[in-house]
Amino acid sequence: QQQVRQSPQSLTVWEGETAILNCSYEDSTFNYFPWYQQFPGEGPALLISIRSVSDKKEDGRFTIFFNKREKKLSLHITDSQPGDSATYFCAASPITGNTGKLIFGLGTTLQVQP
Amino acid sequence: GPKVLQIPSHQIIDMGQMVTLNCDPVSNHLYFYWYKQILGQQMEFLVNFYNGKVMEKSKLFKDQFSVERPDGSYFTLKIQPTALEDSAVYFCASSQLGSAETLYFGSGTRLTVL
């Protein structure tokens with residue numbers, strides 16, 4: 001049973017549109033949620049993260065919206081660019097006793113059409 | 001940013017042989033990790049390593065697996081003997097503080113067991 005679920009599996013948007021990637025989780029002890037961006041042939045790189053004490057985290061064109069009650073979060077990419085085409089992984093970890101062990105989702109593959 | 005290097009990027013071996021995957025972590029990092037990603041599945045934690053010892057391992061870290069970092073050089077994952085189900089991409093990660101917030105991933109080694 002997956003503890004971190006992502007949807008959709010793949011997403012195509014036009015350049016300039018907002019891409020919305022969804023994530024949900026099971027374990028209520030999770031309170032740190034990083035999003036990783038991965039390009040083909042490369043390792044995942046931390047894009048943006050949020051702690052459960054916040055409901056929103058913004059970094060440039062990337063924003064995480066977090067709903068603790070529903071155990072859901074989403075990554076919004078505004079003004080999408082072709083260079084944003086990549087696979088995006090939502091992950092989760094408990095801060096308390098955090099040993100660097102992350103639980104990953106299956107990822108959403110984003111294609112931005114010019 | 002900081003780089004974790006993995007060598008080789010792709011390795012093909014026959015079932016039953018031994019294989020060693022090498023990882024050159026970020027220079028001042030003290031915590032090291034291996035994650036495994038089978039094609040089409042999520043990336044999963046295998047093991048973390050600190051101060052010459054395994055700190056935590058998952059059920060995926062079979063008895064045939066071992067890790068070490070001799071003389072502060074490469075952090076290695078050895079599989080002996082290999083099985084068909086070991087075919088996957090193995091990602092190395094390192095962290096300065098041993099927390100999820102400071103994890104950096106390598107680009108992975110694709111292991112194919114024939």
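Below, read A as the first sequence line, B as the second, and so on, with proteins coming before strands; counting in each chain starts at 1. Only a predicted model underlies this, so the values are computations on that prediction, with no experimental measurement involved.
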Is there a path of hydrophobic side-chain contacts, each under 4.5 Å between heavy atoms of I/L/V/M/F/W/Y residues, joining [Y] to [X]?
X	Y	answer
B:Y74	B:Y33	no
B:L60	B:F65	yes
A:L47	A:F39	no
A:F33	A:V53	no
B:I79	B:F49	yes

Give a yes or no on this: more than 12 heavy atoms of other residues, nucleotides or ligands lie within 6.0 Å of atom [atom1] of [X].
X	atom1	result
B:L39	CG	no
B:R69	CZ	yes
B:F45	CZ	yes

- Message: For B:F105 and A:Y36, I'd like to know if the aromatic rings sit close, meaning centre-to-centre distance below 6.0 Å.
- Response: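 For B:F105 and A:Y36, the ring centres are under 6.0 Å apart.
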- chain B neighbours within residues 60-71 of chain A, where any heavy atom lies under 4.5 Å away: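 Within residues 60-71 of chain A, no residue comes under 4.5 Å of chain B, counting heavy atoms only.
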- Which residues, numbered in order, of residues 106-114 of chain A come under 4.5 angstrom of chain B by heavy-atom distance?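 Only A:L106 of residues 106-114 of chain A have a heavy atom under 4.5 Å from chain B.
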- How far apart are the closest heavy atoms of A:G41 and B:S107, and which atoms are they?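 In terms of heavy atoms, the two residues are closest at O-CB, 3.7 Å.
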- Query: What are the two closest non-hydrogen atoms of B:Q42 and A:G105, and how far apart are they?
  - Reply: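 Closest approach of B:Q42 to A:G105: CB-O, 3.4 Å.
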Given a strict heavy-atom distance threshold of 4.5 Å, which part of [X] is in contact with chain B: side chain, backbone, both, or neither?
X	value
A:P34	neither
A:L46	side chain
A:Q38	side chain

- Query: Out of B:Y104, B:Y31, B:Y35, B:F91, which one racks up the most heavy-atom pairs below 4.5 Å with chain A?
  - Reply: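 Heavy-atom pairs under 4.5 Å are most numerous for B:Y35.
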State the [atom1]-[atom2] distance between [X] and [Y], to the nearest 0.5 angstrom.
X	Y	atom1	atom2	value
B:L103	A:S49	CG	OG	11.5 Å
A:K101	B:L46	NZ	CG	11.0 Å
B:Q37	A:F89	CD	CZ	5.0 Å

- chain A heavy atoms under 4.5 Å from B:M55: which part of the residue, side chain, backbone, both or neither?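 Neither the backbone nor the side chain of B:M55 comes within 4.5 Å of chain A.
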